[in-house]
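Chain letters run A, B, ... following the sequence lines, proteins first and then strands; every chain starts at 1.
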2 protein chains.
Amino acid sequence: MGRRARLRAQTTAEIKAIALKHLSEGGPDALSLRAIGREMGMSGSAIYSYFETRDALITTLINDIYTSLLDQVETARDAVAPDDIAGRILAWGQAVRLWALANPEGFRLIYGDPVAGYHAPAGGPAPEAAKRACLGLTELAAAAWPYAKATQASTDHQWSDFSPGLADTIREHFPDLPPAAVALALRMWGRMHGLISLEVYGHLGTQTGDPAKLYHAELLDLIRSLGLGVEHARQPGMPRTST
Amino acid sequence: MGRRARLRAQTTAEIKAIALKHLSEGGPDALSLRAIGREMGMSGSAIYSYFETRDALITTLINDIYTSLLDQVETARDAVAPDDIAGRILAWGQAVRLWALANPEGFRLIYGDPVAGYHAPAGGPAPEAAKRACLGLTELAAAAWPYAKATQASTDHQWSDFSPGLADTIREHFPDLPPAAVALALRMWGRMHGLISLEVYGHLGTQTGDPAKLYHAELLDLIRSLGLGVEHARQPGMPRTST
DNA sequence: CACTAAGTTTGAACGGCGTTCTGATTTAGG
DNA sequence: CCTAAATCAGAACGCCGTTCAAACTTAGTG
């Protein structure tokens, strides 16, 4: 719209940018409205014109960060040929870890206790991003399902096990997918998340000096357990010598 | 020693008890030295006679909680016959999850960002407990290794991949264990940790209504991928009908 | 143009926090 | 008994999120 709205958008963006800067430089404690205002030459209370409360600002940050994570992960996945299922799973998993290591504060913001006394709104701070993550993993699980169903269908899952919103969305995108495959997608999520969060929170560094190798082995084991041959997990750039 | 020391120990215990109470009742934000003092009829600064700083108190709490977690997990594991490897793994995994759900604040304290601006001391807040956890998992991995090595030894691990302290401790307890088995133990840790932390932090609840089933399926898949038949994973109390 | 209504900003204020410091009080040991 | 150490209260400092009244700036209307 007019100049007013432009200034407002610019100031909002500056607040978020400085918040992210403080977050990555000084950790979660450095994120304070007063400090942001100080750096902008504003009083701390002025920020309340742009965000209803500190938690609202944090929620917005989580949304932005979660979205950027998914952009990056989906890009990495799409750099691998669609028929190379193992390669796409590997790319997804590696992208999540690399992003988490590059943006540990962002990872904590999304998956941990974000910051002192922050309370997420009902439905989570970033429902669309979370759905995108879930859907992306489901897509991988769906592609692997023909190979994996022989070994992965031991426990019986029903659609009623999942939230209605998720179930409907998935059935819309993947009409013939059984609920067990959705469970597989969530378990894949957990499997990637486990080692990454242990590493980000420093519980792995005291035990092993090479978390990357550990994580890679875990991804390979995941691929193998899905019935996808390890030889399918080509490194990016490698020609398809053997199938 | 004398009466003085007894009073001191008692007051110290009361501080920790109230801190835990506030933690579980009001979340991490409710943990404050002033609030603890208020409830004890003491001034907030008086606590500095018992703990050098707030972080020292938190470190002590983490130590206590982590130790109690391991006590419980080890008890659950030892309730299963030593030769029932799959059952012991299952018991371990289930015990961790049940403990985490019963003590979510404790779980966050150990594995997440504990509380506003807490900084863990060098070497981690609870090194002995962490070592116990690692060793317990290694014991499980070692027991499963004869069955698992055929499929789990794909990536090559060296002893130099692990921290010297851990490597020495393990080689002392399990002289013939290859480093790949230690990597397996850490990956088992990650696998259990992933779904549990997603659930504790509320990322699973919005997707599935039955995290228990999901987690159980994950444990069964883990056991299967180790080459241990699923039929080995008896429910506690079930007679050994088939092997 | 003037004028009003909305949006923006400030600065003080409130209550909370961890931490430090000064004194007072209690207690243990020589 | 008396001295030195331990324990405690209370004020103080600087930080925080949030609220509020008052000043200031801008946009839109008559």
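Atom pair B:Y118:OH and C:dT19:C1' shows a separation of 18 Å (rounding to whole Å applied). A straight line from CZ of B:R38 to P of D:dA9 spans 13 Å, rounded to a whole angstrom. Taking atom CZ of B:R8 as the reference point, atom C1' of C:dT26 lies 15 Å away to the nearest angstrom. Here the C1' atom of nucleotide C:dT9 and the CD1 atom of A:I36 are 16 Å apart, to the nearest Å. The distance from atom CD of A:Q10 to atom P of C:dT8 is 13 Å, rounded to the nearest whole Å. B:E52 has its CD atom 16 Å from the P atom of C:dG18, to the nearest Å. Between the C1' atom of C:dG18 and the CD1 atom of B:I58 lies a distance of 11 Å, rounded to the nearest Å. In this structure, the OH atom of B:Y50 is 12 Å from the P atom of D:dA6, given to the nearest Å.
Residue-level contact check: A:A46 touches the bases, meaning some heavy atom is under 4.0 Å from a base atom. Using a 4.0 Å heavy-atom distance criterion, A:R34 is classed as a base contact. As judged by a 4.0 angstrom heavy-atom cut-off over every strand, A:F51 is placed among residues making no nucleic acid contact. Using a 4.0 Å heavy-atom criterion, one finds that A:G41 contacts the sugar-phosphate atoms exclusively.
With the nearest nucleotide of DNA chain D identified for both A:L31 and B:G44, B:G44 has the one nearer the 5' end.
Using modelled atom types, one finds a donor on one side chain and an acceptor on the other under 3.5 Å when comparing A:S197 with B:H193.
The A:R54 side chain lies nearest to D:dG17 when the options are C:dT10, D:dG10, D:dG17.
For the pair A:Y48 and D:dT19, the criterion of a side-chain N or O lying under 4.0 Å from OP1 or OP2 is not met. Taking side-chain N and O atoms only, A:S32 has a distance below 4.0 Å to OP1 or OP2 of D:dG17. Contact between the side-chain N/O atoms of B:T53 and the OP1/OP2 oxygens of C:dT19 is found at a separation under 4.0 Å. A:S49 has no side-chain polar atom (N or O) that falls below the 4.0 Å cut-off from OP1 or OP2 of C:dT8.
Between B:L198 and B:Y215 the shortest side-chain heavy-atom distance does not fall below 4.5 Å. Using a 4.5 Å heavy-atom cutoff, the side chains of A:M192 and A:W92 are in contact.
When every heavy atom of B:R97 is checked against every heavy atom of B:P211, the shortest pair comes out as NH2-C, 3.9 Å.
Legend: residues meeting salt bridge (Lys or Arg N to Asp or Glu O under 4.0 Å) with A:E39, ordered by chain and number and at least two apart, are A:K21.
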